[in-house]
Amino acid sequence: MSREITITALKYNPSDKNSKPTFAEYKLTETPGMTLYIALTKIKASIDHDLSSDFVCRAGICGACGMVINGKPRLACKTLTSEFKDGKIELLPLPTFKLIKDLSVDTGSWMKNMSIRVNSWIEAKEQIDINKIEKRVEPEVAQEVFELDRCIECGLCVASCSTAIMRKDFVGAVGLNRVARFQIDPHDKRTDSDFYELIGDDEGIFGCMSLLACEDHCPKNLPLQSKIAYMRRKMVKA
Amino acid sequence: MLRDNIVESILGKTTQKRKSRIPAKLDFLQSATGLILAIFIIFHLLFEASILFGKDSMYAITKMFELDFFIKDGSPIFISILAFIIFVIFIFHAFLAMRKFPNSYREYLRLKTHAKLMEHSDTNLWIIQITTGFMLFFLGSIHLYIMLTQPENIGPFASSDRVYSDVMWPMYLMLLVSVVLHAGVGVYRLIIKWGWLDGENPKKNRLKTRKIIKIVTIIYLIIGLFSLITYIKIGYEHRDNYGERYKVVSNEN
């Protein structure tokens, strides 16, 4: 038998001078297999056209629908409403990112700045001759790089992080993971000393307190615990 | 030196146009000083618990730290020296760890709300860490100062008199709880932070580490509490002879 669920969402439009932060409450009937994405789509279609939230893929791939769901940063499309036994769900926008409106935040600008800051690209330091066969990369190493490349930049690690919550310049697990990805990649010829120039400070690796909320909330189960520890060991010796 | 600092404070880079290595050293030293203090506490609480095996055992341990095997009857000065070394490491560790504290109303509010909403185990452990750390600024300093300046007042009766008759037991109770929790959580954090026990399955090993540290922490709290209760009991029984020092009966001849 379907039950009635109550979804509460923070509503606020920073670009509207008359807007005041309020908590709007919506009651709707739960359907089998309902995700929060479906629930929010229903609310927006039939209860409150003004409610803003972001979605693209609906399948945990794009990372657009990150929000704080009953206190925990999660993807709305990967969260079933049936998980919440009392049928009460409170939604907040992800902290640490610029609020656009209601549940919609600007993770894109943050991620772009992070990518530029950690020089998120291969630095081969040599001219690549495309007529020659590429140098062989060990499958295990390639696999390790691919594993870290699975990051979808949803921002949940940043929103879970106590350092990022307190200090807005912190590079976050997403940034440290990115540096680890290039540090492992044999195509990248940068030394540890080069990487130190990118993250060797309290806004980088030394700001991380290893509370691992990033790892525990990562929807892609990235190995952030071991990779951040790995980068810390490397950077201390760099 | 000043000009180097001027360049770095303005540019964020040293005069060699490199990032300073100081943050790396500070991070390492925060861990290293924490580890030294944790190891010290692990042994300190065990030695202190010697009272559970009787006054003679505690007296023998006290004399051992006064180096009675090295100079005749030992000397409390060695306790002072040890207390001084630990005090210096303690202050340095506090100085380094303070960098991580929330340091404005807004940071405090954001952290507190974040932890309350998220109910995340390791984040909550860190709240315990900063709370006990803050308590230790004061409690640890009181204890270390007394040990530094009155090293001769350690022994089955002297310590018990201090605990009971000098009404130090509330301070020692708070110190015990805060230091054991702080050290327990701290050692767990060190293991995770540097990936010492990551092994093949870091996620699983993290849970295992947390479980073991939790058990050890509880054991240490129980040992510490029983020791404190024993000192209170001896202090109560000895209240009318406050100031009298313990003598080993069998050694009196």
Side-chain angles (χ1 to χ4, degrees), chain A residues 68-74 90 92 94-96 156 159-170 192-218 221-238, chain B residues 12-13 17-32 96-97 99-104 106-127 129-130 185 188-203 205-206 210:
Chain A
V68 175
I69 302 170
N70 277 1
K72 296 183 192 298
R74 299 178 67 172
E90 188 176 82
L92 306 171
L94 287 183
T96 67
L156 298 194
S160 314
C161 173
S162 294
T163 304
I165 285 284
M166 291 191 288
R167 279 134 211 179
K168 65 182 172 68
D169 292 330
F170 182 54
D192 286 346
S193 187
D194 294 329
F195 289 118
Y196 189 96
E197 294 303 310
L198 305 172
I199 54 162
D201 51 28
D202 287 338
E203 287 77 44
I205 188 77
F206 305 122
C208 168
M209 302 187 290
S210 305
L211 307 184
L212 298 187
C214 53
E215 161 132 343
D216 295 340
H217 293 96
C218 176
N221 295 318
L222 292 176
L224 300 170
Q225 174 191 342
S226 54
K227 284 298 168 284
I228 293 174
Y230 170 79
M231 284 314 298
R232 190 188 299 275
R233 294 196 297 269
K234 290 283 173 195
M235 292 302 98
V236 156
K237 289 184 218 153
Chain B
K13 287 185 185 282
K17 287 173 74 179
R18 291 170 77 224
K19 254 200 166 91
S20 167
R21 263 48 184 174
I22 299 284
K25 289 191 175 78
L26 296 181
D27 195 54
F28 174 78
L29 285 171
Q30 185 186 338
S31 293
L96 293 170
R99 299 172 305 136
K100 309 289 179 189
F101 277 42
N103 56 28
S104 68
R106 187 164 163 73
E107 285 188 8
Y108 175 75
L109 176 75
R110 281 176 70 89
L111 174 70
K112 195 179 147 201
T113 312
H114 170 69
K116 194 169 172 50
L117 279 177
M118 206 165 59
E119 291 178 345
H120 174 249
S121 54
D122 280 31
T123 304
N124 289 339
L125 284 180
W126 191 66
I127 301 288
Q129 191 81 340
I130 49 173
V185 178
Y188 166 68
R189 189 71 53 223
L190 277 181
I191 292 169
I192 299 298
K193 192 171 175 179
W194 298 96
W196 289 337
L197 302 177
D198 273 1
E200 288 295 308
N201 190 341
K203 220 180 245 296
N205 289 338
R206 173 182 163 209
R210 194 160 62 197

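Not measured: the values here are computed from a predicted model. A note on names: the letters A, B, ... follow the listed sequences, proteins ahead of strands, and every chain is numbered from 1.
- Using a 4.5 Å cut-off between heavy atoms, A:Pro73 contacts chain B through its side chain alone, with no backbone atom that close.
- Proximity to chain A (any heavy atom under 4.5 Å) is shown, for B:Arg99, by both the backbone and the side chain.
- Note on A:Lys72, A:Arg233, A:Arg232: by heavy-atom pairs under 4.5 Å with chain B, the leading option is A:Arg232.
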- Verdict with supporting geometry, A:Met209 and B:Asp122, side chain to side chain contact (heavy atoms under 4.5 Å, CB included): CA-CA 10 Å; A:Met209 302 187 290; B:Asp122 280 31; over 6 Å; no
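- Taking 4.5 Å as the limit, some side-chain heavy atom of A:Leu211 sits within range of a side-chain heavy atom of B:Arg189.
- Side-chain contact between A:Ser160 and B:His120 is absent, with no heavy atoms from C-beta onward closer than 4.5 Å.
- In the model, B:Arg21 has a side-chain atom that pairs as donor or acceptor with a side-chain atom of A:Ser193 under 3.5 Å.
- Between chain A and the residues B:Lys203, B:Gln30, B:Lys13, B:His114, the largest count of heavy-atom pairs under 4.5 Å involves B:His114.
- Looking at B:Arg18 and A:Tyr196, their side chains never come closer than 4.5 Å, going by heavy atoms from C-beta outward.
- For A:Thr163, no part sits under 4.5 Å from any heavy atom of chain B, backbone or side chain.
- Side-chain contact check for A:Ile199 versus B:Lys19: every heavy-atom pair is 4.5 Å or farther apart.
- What you find for B:Lys100 and A:Met166 is that their closest heavy atoms are O-CE, 3.7 Å.
- Side-chain contact between B:Trp194 and A:Val236 is present, with heavy atoms from C-beta onward closer than 4.5 Å.
- Taking chain B as the reference chain and counting heavy-atom pairs below 4.5 Å, the highest number among A:Pro95, A:Gly207, A:Cys208, A:Ala238 is found for A:Ala238.
- Of the listed residues A:Lys237, A:Met235, A:Glu197, the one with more heavy-atom pairs under 4.5 angstrom with chain B than any other is A:Glu197.
- Of the atoms belonging to B:Ser104, not a single heavy atom falls under 4.5 Å from chain A.
- By the 4.5 Å heavy-atom criterion applied to side chains, B:Met118 and A:His217 are counted as neighbours.
- B:Tyr188 does not touch chain A: none of its heavy atoms, backbone or side chain, sits under 4.5 Å away.
- Residues A:Ile205 and B:Asp27 fail the side-chain proximity criterion, which asks for heavy atoms closer than 4.5 Å.
- Contacts of B:Lys112 with chain A are absent, with no heavy-atom separation under 4.5 Å from either backbone or side chain.
- Taking every heavy atom of both residues into account, A:Ala229 and B:Asp198 meet most closely at CB-OD2, 4.3 Å.
- The choice from A:Asp202, A:Asp201, A:Leu212, A:Asn70 that makes the most heavy-atom pairs within less than 4.5 Å of chain B is A:Leu212.
- By the 6.0 Å contact criterion, OH on A:Tyr230 is enclosed, its count of non-hydrogen atoms from other residues, nucleotides or ligands being greater than 12.
- Minimum interatomic distance between B:Phe101 and A:Arg167 (heavy atoms only, all atoms of both residues): O-NH2, 2.5 Å.
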